[in-house]
Q: 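One structure is given below, represented as structure tokens, and several questions about it will come after.
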Amino acid sequence: MDYRILGPFEAFDGERELSLGGARQRAVLALLLLRANEALTRDVIVDELWGDQPPQTVGKVLQNCISALRKELPGGVDTLRTVGSAYVLQLTPGELDRDRFERGLAEGRAALAAAELEVAAERLTTALGLWRGAPLGDFAYEQFAQDEIARLEELHVSAVEDRIEADLGLGRHSEVIPEVEALVGRQPLRERLRGQLMLALYRSGRQAEALGAYRDARRTLLGELGIEPTRALQQLEQAILAQDPALDLEGGRRPQVQNASQPGRHAAEPLVGRDDELALLEAGLEDALAGRGRLFVVVGPAGAGKTHLADEIASRAKTRGANILWGRGWHGGGAPAYWPWRQAIRDASTTLPQTDGNDTEERFRFFEAVTELLRAEAAQAPLMLVLDDLQAADEDSLLLLEFVASEVAEMPALILALAREDTPRLDELARVATRMVQLGS
């Protein structure tokens, strides 16, 4: 099967295009595709597709939709199964264009991080070639599709930025200028695009226009958001003013301007005897790079190797193009509230929001603000966040982790929480974590 949602909704069995029926039947199939291999109860489907006021005949309508889809889908009841009071659409890897796109994007980003620019450009171009229009465009006004539409649109722009970065590294600066100018017009607040335009103009011998592009970016950011450009964009402007040789291509490789600093660590020595744990966390990293965020809580006594394990995964994440944020609890006492988070986010491109009070409403607003900060960071590049020594963290830091865990599935982010067995709220964290990983001594 070949299901396509990156544009008008289509499904093919080999060369045969399937008839997906009317709008409601198509919506049923689209919802089952978005939640493929997951049992969705009839009540959940009705809530997602009909909302609070379904028609009295909704049960019969849904049954008819399922019956019609089974007649059309190869495999029938084996493809669209009934499990109790729920339905499950069986989907194998590669059958959905969204999943093929995300796999190609992950491969392209890995090649980009390894400076394999030709490979990166080819993989990213192929992945982007799967797009035929607005994602889930048939369901633009359906509530069930809104979150996925927003996520896919963000992934698409980010993938285009990655492909442009590869093209810039390959010396195609003149060719990409018209495209980047058009993208900046549609996405005026994306600073990565602004930086790419500045660099492309500068390398094309258009220094004055490159500086004009910076001034336009600054005016827009100040006018729309009341903020100055990020430090990276300001540094790029200064490098252009100074005609810094680092901006020129050397041996076909891109200069490290936009991401001059990639915070992160690397394991000092090979990790031995943790193959199962590494495989589990590596799979979580793959999910995160594909946009499906994960939280793993790694628990063990002092000296069990929690930090070493996180180091190794962080080094692998960094080579795949992820930004690494790392914070840890402080055993010495006197640390301010949210100290592990403050340490981690000091390496981000933005700052941790301020919080002055302890009332629950203000704390909730603070939690929301931190979550949105992480979401914005992950939108720029996949994110890995490590919070170490949580047994020494304040309880509010643990509550914040639980809150973020409820949102991370919608971000390209991997969170590793490292703690000893006596850490408070471990049971609560276990309920929101993807997995608890127990390390022996």
Side-chain angles (χ1 to χ4, degrees), residues 1-18 20 26 28-40 69-70 72-83 86-113 119-120 122-132 135-136 144-145 147-149 151-156 158-159 162 275-276 278-294 296 313 316-317 320-322 382 408-414 434-435:
M1 279 298 297
D2 177 10
Y3 297 102
R4 303 177 184 178
I5 64 171
L6 301 179
F9 187 30
E10 299 174 339
F12 290 84
D13 177 18
E15 297 296 320
R16 179 176 73 93
E17 182 173 2
L18 275 59
L20 302 180
R26 296 167 68 85
V28 170
L29 179 58
L31 175 61
L32 291 168
L33 269 174
L34 295 182
R35 307 276 287 272
N37 302 317
E38 177 183 343
L40 294 185
L69 288 170
R70 282 172 169 164
E72 189 67 18
L73 293 172
V77 295
D78 293 327
T79 299
L80 182 46
R81 298 189 297 117
T82 300
V83 180
Y87 298 110
V88 180
L89 179 67
Q90 297 294 125
L91 193 70
T92 58
E95 286 189 323
L96 181 59
D97 61 351
R98 176 198 65 184
D99 298 339
R100 298 195 297 273
F101 164 70
E102 290 182 345
R103 171 60 63 180
L105 175 57
E107 291 173 352
R109 284 174 168 169
L112 191 60
V119 175
E122 185 272 326
R123 297 287 168 82
L124 291 165
T125 299
T126 300
L128 288 165
L130 295 170
W131 285 69
R132 299 167 294 111
L136 293 161
F144 80 89
D147 288 346
E148 185 66 357
I149 289 172
R151 188 183 75 87
L152 287 171
E153 287 176 340
E154 171 58 37
L155 270 184
H156 182 260
S158 181
D162 289 336
D275 291 346
D276 291 343
L278 278 172
L280 176 63
L281 297 180
E282 181 79 13
L285 174 60
E286 289 289 340
D287 284 342
L289 292 171
R292 299 182 289 272
R294 297 291 184 257
F296 292 88
I313 296 299
R316 298 182 186 190
R320 302 288 297 276
V408 73
E410 301 175 358
M411 307 179 201
L414 174 66
T434 304
R435 284 281 295 273

Q: For the CZ atom on Arg70, are there more than 12 heavy atoms of other groups (residues, nucleotides or ligands in this structure) within a distance under 6.0 Å?
A: yes
Q: Side chains of Leu6 and His156, heavy atoms from C-beta outward: is any pair under 4.5 Å?
A: no
Q: For the atom pair CG (Leu285) and CZ (Arg320), what is the distance rounded to the nearest 0.5 Å?
A: 6.0 Å
Q: For Gln90 and Asn37, which heavy atoms make the closest approach, and how far apart are they?
A: CA-OD1, 3.4 Å
Q: Show the numbers, then the answer: is there a side-chain contact (heavy atoms from CB on, under 4.5 Å) between Arg100 and Leu130?
A: CA-CA 8 Å; Arg100 298 195 297 273; Leu130 295 170; 3.8 Å; yes
Q: Considering non-hydrogen atoms only, spot the tightest contact between Leu29 and Leu73 and give its length.
A: CD1-CD1, 4.4 Å
Q: Are a donor atom and an acceptor atom from the side chains of Thr434 and Arg292 found within less than 3.5 Å of each other?
A: no
Q: Give, for atom CG of Asp162 and atom OG1 of Thr125, the distance between the pair rounded to the nearest 0.5 Å.
A: 11.0 Å
Q: Would you say that Asp13 contacts Met1 through its side chain, given a criterion of any heavy-atom pair below 4.5 Å between the two side chains?
A: yes
Q: If we only count heavy atoms from C-beta on, is the Asp97 to Arg132 side-chain gap below 4.5 Å?
A: yes
Q: Counting C-beta onward and ignoring hydrogens, is there a side-chain heavy-atom pair between Leu136 and Glu148 closer than 4.5 Å?
A: yes
Q: Quick one: are Asp99 and Arg103 in side-chain contact, heavy atoms under 4.5 Å?
A: no
Q: Does Leu91 reach the side chain of Leu33, with side-chain heavy atoms less than 4.5 Å apart?
A: yes
Q: To the nearest 0.5 Å, what is the distance between CG on Leu280 and CZ on Phe296?
A: 4.5 Å
Q: To the closest 0.5 Å, what do you measure between CG (Leu20) and CZ (Arg26)?
A: 5.0 Å
Q: May I have the step-by-step check of side-chain contact (heavy atoms from CB on, under 4.5 Å) for Leu278 and Arg316, ending in yes or no?
A: CA-CA 11 Å; Leu278 278 172; Arg316 298 182 186 190; 3.8 Å; yes
Q: Do the side chains of Leu18 and Pro74 get nearer than 4.5 Å, heavy atoms only?
A: yes
Q: List the atom of Ala159, the atom of Leu105, and the distance in Å for their closest heavy-atom pair.
A: CB-CD1, 3.6 Å
Q: Please find the pair of heavy atoms, one from Tyr87 and one from Leu32, that lie closest to each other, and give the distance.
A: O-CD2, 4.1 Å
Q: Search all heavy atoms of Glu153 against all heavy atoms of Trp131 and return the closest pair with its distance.
A: N-CH2, 4.4 Å
Q: If you take all heavy atoms of Arg16 and Glu72, which pair is closest and at what distance?
A: NH1-OE2, 2.9 Å
Q: Is Glu286 paired with Arg294 through a side-chain N to carboxylate O contact shorter than 4.0 Å?
A: no
Q: Between Arg151 and Glu154 (salt bridge meaning N to carboxylate O under 4.0 Å), is one present in this structure?
A: no
Q: Once side chain to side chain contact (heavy atoms under 4.5 Å, CB included) is applied, do any residues pair with Val119, and if so which ones, sequence neighbours excluded?
A: Ala111, Glu116, Arg123
Q: Do Leu69 and Leu89 have side-chain heavy atoms sitting under 4.5 Å apart?
A: no
